[in-house]
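In what follows, chains carry the letters A, B, and so on, assigned in the order in which the sequence lines appear, proteins first and then strands, with residues in each chain numbered from 1.
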2 protein chains.
Amino acid sequence: MPSSHRPTISDVASLAGVSIATVSRVINGSSQVAGQTIQRVQAAITDLKYTPHAAARVLASRKTNTIGLLLPEISGAFFQPLLRGIEAGAQEAGFDLLIHTTDDTQSNAGIRRPLGEHNTDGLLVFTDSLDHKELRRLHSIGFPVVLLHQAPPKSLMIPVVTIENQSGAQKIVEHLIVVHGCRRIVFLQGPEDHEDSVWREKGYRQALKDHGITFNPSLVLRGGFNPDESRQALTRLLSNGKGFDSIFSGDDDSAIGVIQALRQAGWRVPEDVAVVGFDDSSFARTLDPPLTTVSAPTERVGREAVRQLVRIIRAEKVEPRLILPTELVIRQSCGCQA
Amino acid sequence: MPSSHRPTISDVASLAGVSIATVSRVINGSSQVAGQTIQRVQAAITDLKYTPHAAARVLASRKTNTIGLLLPEISGAFFQPLLRGIEAGAQEAGFDLLIHTTDDTQSNAGIRRPLGEHNTDGLLVFTDSLDHKELRRLHSIGFPVVLLHQAPPKSLMIPVVTIENQSGAQKIVEHLIVVHGCRRIVFLQGPEDHEDSVWREKGYRQALKDHGITFNPSLVLRGGFNPDESRQALTRLLSNGKGFDSIFSGDDDSAIGVIQALRQAGWRVPEDVAVVGFDDSSFARTLDPPLTTVSAPTERVGREAVRQLVRIIRAEKVEPRLILPTELVIRQSCGCQA
DNA sequence: CTGAAAGCGCTTACAG
DNA sequence: CTGAAAGCGCTTACAG
């Protein structure tokens with residue numbers, strides 16, 4: 001790129017016949033400038049097709065006007081509404097968004113941190129995408145961070161935005177028990193140590209307990225919150241015969257694999273086995289049968305998380321814990337009629 | 001954030017007892033430094049938990065080491081593999097990724113361009129997310145740009161990465177004609193002026209022509225590449241009775257709406273109407289019935305686009321047009337057996 | 001192999 | 001309302 005072609009604030013200043021300080025003022029509206037002067041400066045800007053150099057502004061003003069998002073991956077239907085909410089929130093607040101997906105395969109060697117205090121004003125951190133050590137470091141220098149779907153490490157006061165996992169799970173399992181008379185309910189866990197999964201399992205156990213059903217560990221499998229792992233886990237379980245009457249698949253993605261495995265083994269859903277999910281992903285209503293699930297306000301999580309983060313950046317008060325409500329969505333995969 | 005807490009290159013230099021130039025050299029490996037000196041500097045860096053300030057490096061070195069991605073939205077199953085590929089490509093090349101979704105509702109007033117030469121070394125531009133005027137401006141200053149799924153405006157030589165839309169569409173329509181004896185084939189267009197849609201329609205018409213079927217404009221509807229619009233379009237068409245034997249729904253997202261509309265009207269897929277899509281989205285195989293479609297190498301598109309862009313940034317030669325192959329994927333929604 | 005110094009393009013007290 | 005000047009934290013010729 002021929003950088004000589006690129007106009008700077010000085011070019012604008014000389015063309016308009018003012019100082020660079022004045023140009024800066026009209027660009028930022030940071031103090032009173034005479035109407036005529038404004039006109040001249042704006043004309044010069046238009047003439048030169050001038051765009052302020054972002055890095056120079058950052059360096060001089062010590063604000064990046066950018067928030068960072070750390071994700072474990074960009075895939076799965078779950079992240080779509082999350083990203084949509086975050087994008088929207090950032091736009092509303094006038095911040096740019098820098099996204100980085102952490103990849104376990106790459107070692108963290110070297111100084112260069114992809115996202116941090118050197119290129120953002122604050123960070124949104126999704127479950128397990130930043131180790132506790134780095135979280136501690138950011139906290140120790142007072143850098144704004146908001147956690148998504150993940151509690152902070154012990155004794156660190158970092159704001160969190162998440163959803164009512166436990167009560168949502170409890171409600172849907174209760175629905176299986178009370179409305180459909182289920183007693184032997186399989187639960188498919190998410191990835192190991194995944195907090196959403198941990199809380200959903202608590203809700204599952206609570207519902208069993210409330211209705212006098214003994215918890216049976218052999219009905220709990222790891223499904224990893226994805227179709228493949230879930231299909232395999234269920235196929236393995238089915239090889240011992242169908243020792244269950246229903247499945248709470250942990251999330252909607254898993255439900256896809258679960259239904260495939262059941263079909264392949266010749267079982268009908270919901271006639272032979274009731275299946276329910278969690279999230280109310282975009283595809284849930286178009287599954288066959290339409291999936292009974294728990295609606296999670298994922299887009300709102302994204303939006304609210306940005307709001308919280310921006311408040312921290314502006315040194316305003318924030319909620320230490322924002323837990324958004326979930327809601328039971330009855331469709332047909334549990335055995336209810338349309 | 002207490003910026004006083006943040007160590008700078010000077011802090012590292014004094015702790016290590018060297019000049020800041022030397023610190024810069026060990027960080028960047030930009031020239032020979034004595035082994036002992038390196039050790040001392042690295043110890044100081046570790047000690048202070050020093051991270052170089054990104055904006056300062058950008059300003060001094062005149063490179064951002066960042067590529068920008070302009071998208072019309074982040075949603076729809078289509079964007080997942082695209083983002084995955086772009087993320088991967090950027091990581092491989094050692095570039096950061098800045099994402100901005102353009103929103104038609106916001107006017108482009110003001111100087112502040114979200115993504116451009118002031119904060120990136122190059123831009124990936126997806127269909128219709130940047131107007132021709134801005135594209136011209138970027139081209140005129142020699143700024144690296146790669147277009148995705150979109151040809152450049154007339155006379156601008158901007159590299160493109162896209163897929164074989166026409167031949168893919170032609171193959172799948174041909175399959176309907178030759179294997180399933182279809183003659184009255186509905187085509188659902190994407191959004192207006194969407195290039196993928198234009199090429200797919202060409203493939204559709206070519207296949208008809210090759211097999212002596214007269215093109216019937218009343219069988220072409222706008223489906224917008226989304227389930228809702230497609231469902232409505234088809235429901236409208238069905239109100240005149242079922243004057244067709246099959247549907248090429250333009251993309252997989254549309255196929256969802258198409259199948260819903262058919263079911264609601266009491267028609268079976270594929271017994272009464274064959275339905276095929278395009279993309280081979282993640283959900284295509286789990287639809288009911290599993291969707292016959294055209295597999296698009298969307299992840300590869302993302303990855304290759306980054307490669308091209310990086311080559312331009314490095315002033316290396318690039319392909320002016322990279323067109324990745326598509327492939328017919330036969331499942332059951334066309335009437336074939338499993 | 002190392003340092004002193006200029007410069008990247010802005011913002012922001014400080015004066016007036 | 002406006003300007004001169006210092007400074008943000010780096011990189012990079014230029015000397016030695």
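The shortest distance between side-chain heavy atoms of A/Glu299 and A/Leu82 does not fall below 4.5 Å. No side-chain heavy atom of A/Ile163 sits less than 4.5 Å from a side-chain heavy atom of A/Ile323.
In this model, the phosphate group of D/dG3 is approached by a side-chain N or O of A/Ser19 to a distance below 4.0 Å at OP1 or OP2.
For the pair B/Leu59 and A/Ser30, nearest-nucleotide mapping onto DNA chain C gives the more 5' position to B/Leu59. Heavy-atom distances to DNA chain D give each of A/Ala56 and B/Val23 a nearest nucleotide, and the one nearer the 5′ end belongs to A/Ala56.
In this entry the distance linking CD1 of B/Ile38 with C1' of C/dT2 reads 13 Å, nearest Å. Atoms NZ (B/Lys63) and C1' (D/dT12) sit 11 Å apart, rounded to a whole Å. Taking atom CZ of residue A/Arg62 and atom C1' of nucleotide C/dT11, one finds them 11 Å apart after rounding to whole Å. Regarding A/Gln39, its CD atom lies at a distance of 12 Å from the P atom of D/dT2, rounded to whole Å. Protein atom CD1 of B/Ile9 is 5 Å distant from nucleotide atom P of D/dT11, rounded to whole Å. Rounded to whole angstrom, the span from the CD1 atom of A/Ile20 across to the C1' atom of D/dG7 amounts to 12 Å. Between the NE2 atom of B/His53 and the P atom of D/dT11 there is a distance of 12 Å, given to the nearest Å. For the pair A/Asn28 CG and D/dC1 P, the computed distance is 17 Å after rounding to whole Å.
Taking the side chain of B/Ala21 as heavy atoms from C-beta on, and the options C/dG7, D/dT2, C/dA4, the nearest nucleotide is C/dA4. Nearest nucleotide to the A/Gln32 side chain, out of D/dT11, D/dC1, C/dG9: D/dC1.
Between A/Ile312 and A/Pro144, the closest heavy-atom pair is CG2-CB, 3.6 Å.
Backbone-only engagement by B/Ala34 is indicated by non-hydrogen atom pairs under 4.0 Å involving sugar-phosphate atoms exclusively. Note on A/Thr37: only backbone sugar-phosphate atoms sit closer than 4.0 angstrom, heavy atoms only; bases stay farther off. Heavy atoms of A/Ser24 sit under 4.0 angstrom from at least one base atom. The residue B/Val18 sits close only to the backbone: its heavy atoms come under 4.0 Å of sugar-phosphate atoms, none of a base.
On a pure distance criterion of 3.5 Å, a polar donor-acceptor pair joins the side chain of A/Arg25 and the base of D/dG3.
Between the side chains of A/Asn28 and A/Arg57, at least one donor N or O lies within less than 3.5 Å of an accepting N or O.
Using N1 to N3 plus N6-O4 or O6-N4 for Watson-Crick, or N1-O2 and O6-N3 for G-U wobble, each under 3.5 Å, D/dC1 pairs with C/dG16.
Taking a 6.0 Å sphere around CD of A/Gln36, one finds it holds 12 or fewer heavy atoms contributed by other residues, nucleotides or ligands.
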